[in-house]
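A short worksheet on the structure shown next.
Source: prediction; values computed, not measured. Residue numbers start from 1 in every chain, and the chains themselves are labelled A, B, ... in the order their sequence lines are given, proteins ahead of strands.
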Number of protein chains: 2
Amino acid sequence: MHTICQVYDCSVDHDERDLGELFARITQRLIAAERPILARHGLQMWPYVVLARLAQGSAATQLELAAQIGYDKTRLIAILDDLVREGLIERRPDPADRRARNISLTPAGAERVVAVRSEIRAMESEFLSGLPDAQRLELRGVLAELASR
Amino acid sequence: MHTICQVYDCSVDHDERDLGELFARITQRLIAAERPILARHGLQMWPYVVLARLAQGSAATQLELAAQIGYDKTRLIAILDDLVREGLIERRPDPADRRARNISLTPAGAERVVAVRSEIRAMESEFLSGLPDAQRLELRGVLAELASR
DNA sequence: TATTGTTATACTCTATAACTATA
DNA sequence: TATAGTTATAGAGTATAACAATA
């Protein structure tokens with residue numbers, strides 16, 4: 001059995017794992033940890049993403065909402081249908097443009113987000129428990145920077 | 001238009017984005033950046049993950065390899081078939097257990113990994129270009145910690 | 001003519017079960 | 001009886017194109 005560096009000259013550190021691999025693995029772990037929390041509140045991942053996004057402010061149109069959360073506009077429709085049926089969001093025709101529909105949280109939807117978020121925050125705190133406080137704060141900053149560009 | 005914190009008491013900072021969302025977005029961006037690099041070398045994501053893993057040492061069995069990269073053993077088969085056909089890996093019956101097969105990189109496979117990796121490292125360096133060196137190194141450490149637990 | 005929301009359809013990815021050959 | 005590898009199949013998830021209403 002040979003590692004690649006026993007066979008080839010390794011001027012670059014090939015053993016180091018790809019950044020993408022590290023991020024993918026952590027993402028996978030976080031999603032796995034969120035799933036049971038969401039399930040307890042009767043939500044799946046994408047419906048929650050929609051609610052969480054709307055909690056930052058209503059969406060002018062469905063197209064805009066789809067772009068904001070990085071999801072396909074055609075698949076979004078069924079998710080919005082469900083959320084309307086459960087009374088968590090409202091879908092109203094835009095008075096200015098009758099093709100478009102304004103999406104917003106209902107009070108029940110806002111309550112749901114608050115409840116879920118506080119549990120997710122607790123999970124995240126546990127997730128980062130190995131890191132000292134200063135490093136956690138710095139990590140948040142770095143992540144926000146890398147995610148926004 | 002109301003944000004959730006204008007309507008409800010916000011003892012927790014609800015505007016802060018979920019850790020999962022941040023990691024997911026960054027992962028998405030990194031994968032998007034890797035895809036054209038892999039394509040230039042005639043590879044897709046999972047075949048590359050297989051090669052990259054094998055570069056750290058041959059796999060005793062296909063089952064073990066599947067577990068290491070977090071992929072389904074039945075879907076792995078077609079990927080290994082392709083990689084064998086392209087001469088990038090070898091699949092030999094284990095002399096000790098004739099049910100099992102040992103998977104290892106060929107010299108051509110090892111070369112491919114080295115070539116792809118150096119381009120991925122360059123992309124990553126560009127990706128992190130906003131961060132000072134000390135913070136980059138710290139980030140690597142934190143990510144390795146969070147990914148391994 | 002272009003755009004929003006919608007539906008239908010085809011395609012890919014994923015999960016499960018079952019089969020073979022060995023142990 | 002259990003395990004490694006394989007195959008087949010059913011289901012979920014995803015992408016694409018086309019349509020009605022409105023701009």
Q: Looking only at non-hydrogen atoms, find the nearest pair between A:G42 and A:R112 and report the distance.
A: O-NH1, 4.5 Å
(Q) For a quick test of reading the model, state the closest non-hydrogen atom pair linking A:A55 to A:V113 and the distance between them. (A) CB-CG1, 4.0 Å
**Q.** Polar pair under 3.5 Å, donor/acceptor by atom type, side chain A:R99, base C:dT3
**A.**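 Pair found.
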Q: Quick one: label A:D94 by what it contacts on the DNA or RNA (base, sugar-phosphate, nothing), any heavy atom closer than 4.0 Å.
A: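 Nothing, no heavy atom under 4.0 Å.
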(Q) Quick check on DNA chain D: between B:N102 and A:W46, whose nearest nucleotide comes earlier from the 5' end? (A)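 Closer to the 5' end of DNA chain D: B:N102.
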Q. Hey, is the side chain of B:R91 poking within less than 4.0 Å of OP1 or OP2 on D:dT6, counting only N and O atoms?
A.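 B:R91 to D:dT6 OP1/OP2: side-chain N or O found under 4.0 Å.
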Q. Checking A:R25 against A:F23: charged group under 6.0 Å from the ring centre and within 45 degrees of the axis?
A.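 Checked: cation-pi criterion not met.
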Q: Figure out the CZ/P separation between B:R101 and C:dA23, and round it to whole Å.
A: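 Result: 13 Å.
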Q: Flag the pair A:V84 / A:E90 as yes when at least one side-chain heavy-atom distance between them is below 4.5 Å, and no otherwise.
A: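 No, too far: nothing below the 4.5 Å cut-off.
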Q) Does some side-chain heavy atom of B:L80 sit less than 4.5 Å from a side-chain heavy atom of B:R91? A) yes
Q: Enter the distance from A:I120:CD1 to A:I37:CD1 here, rounded to the nearest 0.5 Å.
A: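 If we round to the nearest 0.5 Å, A:I120:CD1 and A:I37:CD1 are 5.5 Å apart.
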**Q.** Contacting residues from residues 61-90 of chain B, given that a heavy atom lies under 4.0 angstrom of DNA chain D
**A.** B:T61, B:Q62, B:L63, B:K73, B:T74, B:I77
